[in-house]
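First the structure, in the form of structure tokens, and then the observations on it.
Side chains are part of it too, since the values below use all heavy atoms of this structure and drop only hydrogens, waters and symmetry mates. Reminder, nothing fancy here: chain letters follow the sequence lines and each chain counts from 1.
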2 protein chains.
Amino acid sequence: MTHHSDQRAYFFKIDTTIKKIRNALQKRLNEAGIDLTVDQWVLIDHISRDEGTSQNSLAEVTYKDPPTVTRIVDLLEKKGLVERRMAAGDRRKFNLFLTAKGESTYTKAFPIVAEIRRIGWGDLSEADYQQFVRLMDSIYNNFSDKE
Amino acid sequence: MTHHSDQRAYFFKIDTTIKKIRNALQKRLNEAGIDLTVDQWVLIDHISRDEGTSQNSLAEVTYKDPPTVTRIVDLLEKKGLVERRMAAGDRRKFNLFLTAKGESTYTKAFPIVAEIRRIGWGDLSEADYQQFVRLMDSIYNNFSDKE
DNA sequence: CACCAACTATTAGTTTACTAATAAAATTTG
DNA sequence: CAAATTTTATTAGTAAACTAATAGTTGGTG
């Protein structure tokens, strides 16, 4: 891209778009009376798909930091949605599980998240999705490559 | 887009990409010894382009909330980079200006931000940029339309 | 075996985002 | 003009991201 006056725009567009998505999802969760933040949903989603996972493993797959995961798991535990169990064979680790209440919350939240995904994607096509992935991966990798 | 197993991916890709960009920029600013966060940079960039702007106006153009702007301006004022002056004719408002130190910091940070933009965009083309804008605007507007 | 390095999770401190409530000032309306 | 509404900015509280430091545990190596 040559140096146009709008060269600032791509950071900004990504930033405002992700904020818009997060806010829309949070609003729907609130309206549905589901006591979950977006990031809390991200964690229970991953725990549900990989019961017994450790916190560091969760941090890795969600691209969150270990301290952030610690705090979100604290909140989820306090709400009674997630349970920490000592890992057999490694006393440093916890294995994470959804409680019955956690499962039920997950089940209630899932269709709302799916709906927001649908709304956001609108009538964009599969070809659009491939473009999207190509562009995002390209930007991402441009930073991974150099250092 | 039909319901593939990767349908979760687009939220996630946007989120991880913006994090990557922010972290890369923050790292370069730190390495250059510039005492600015990314969001602080966003504000002084806008103040520099529109000297005397108000906080609410800044909030609008940056898509930040008024309380967030209040706090970031507090920090910038504490660092001596920005000055609040009472607005003539409206005692609720402040007009915001960069101090000499603020100008100098802005001048030092600018090329670093430009470099990060260049690195992130890599060898993507002008046509890619148009695709990018189309996709992002589409997702964004899909949420704006239906409330 | 003892030491050293790596790993897992936590704590602490700073920054930003969002909501809700509030103070003060300006504008509109009856 | 007086009252109600709107606007501008702030404060307070909760949540999340990042860094740095630390405790406790594990595994490897001399």
**Report entry** Side chain of A:Pro67 - closest among D:dA20, C:dA25, D:dA16
**Finding:** D:dA20
Report task. Mind checking B:Asp65 for me? I need base, sugar-phosphate or nothing, with any heavy atom below 4.0 Å counting as a touch. Result -> base
Report summary line: A:Gln55 CD to C:dA9 P, in whole Å, measures 5 Å
Requested in this report: Establish whether the base of C:dT8 is bridged to the side chain of A:Arg92 by a donor-acceptor pair shorter than 3.5 Å.
Outcome: no
Query - Donor-acceptor pair (no angle test) under 3.5 Å: A:Arg91 side chain, D:dT25 base - result: no
Query raised in the report: Over how many whole Å does the gap from A:Asp74 atom CG to D:dA15 atom P extend?
Result: 11 Å
Query raised in the report: Using the ring of each side chain (for Trp, its six-membered ring), is B:Trp121 parallel, tilted or perpendicular to B:Tyr129, with breaks at 30° and 60°?
Result: perpendicular
Query raised in the report: Would you say the base of C:dA9 and the side-chain of A:Arg71 have a donor-acceptor pair closer than 3.5 Å?
Result: no
Query raised in the report: To the nearest Å, how far apart are A:Lys64 NZ and D:dT19 P?
Result: 15 Å
Query raised in the report: Cation over ring, A:Arg117 on B:Tyr10, under 6.0 Å and within 45°?
Result: no
Query raised in the report: Once you round it to whole Å, what is the distance between P of C:dA17 and CD1 of A:Ile21?
Result: 17 Å
**Report entry** Length of the line joining A:Leu29:CG and C:dC18:P, which is rounded to integer Å
**Finding:** 15 Å
Requested in this report: Grab the CG-P distance between A:Leu25 and C:dA17 for me, whole Å please.
Outcome: 18 Å
**Report entry** Of A:Asp90 and A:Arg22, the one whose closest DNA chain D nucleotide lies more 5'
**Finding:** A:Arg22
Query raised in the report: Is the NZ or CZ atom of A:Lys20 both under 6.0 Å from the centre of the six-membered ring of B:Tyr140 and within 45° of that ring's axis?
Result: yes
Query raised in the report: Does a donor on one side chain sit under 3.5 Å from an acceptor on the other, for B:Asp45 and B:Tyr106?
Result: yes
Query raised in the report: Has A:Thr37 got a side-chain N or O lying under 4.0 Å from the OP1 or OP2 atom of D:dT14?
Result: no
Report task. Using a strict 4.0 Å threshold on nitrogen-to-oxygen distance, state whether B:Lys78 and B:Asp74 make a salt bridge. Result -> no
**Report entry** Sugar-phosphate, base or nothing in reach of A:Thr70, heavy atoms under 4.0 Å
**Finding:** base
Report task. Look at all strands and tell whether B:Gln26 reaches a base, only sugar-phosphate, or nothing, counting heavy atoms closer than 4.0 Å. Result -> nothing
**Report entry** Nucleotide of C:dT16, C:dA9, D:dA9 approaching A:Lys93 most closely (side-chain heavy atoms)
**Finding:** C:dA9
Query raised in the report: Pick the nucleotide of DNA chain C nearest each of A:Asn23 and A:Arg84; which residue has the one closer to the 5' end?
Result: A:Arg84
Query - Closest to the A:Lys19 side chain, choosing from C:dC18, C:dT10, D:dA17 - result: C:dC18
Query raised in the report: Rounding to a whole Å, what distance do you find between A:Tyr63:OH and D:dA16:C1'?
Result: 19 Å
Query raised in the report: In whole angstrom, what separates A:Ile18's CD1 from C:dC18's C1'?
Result: 16 Å
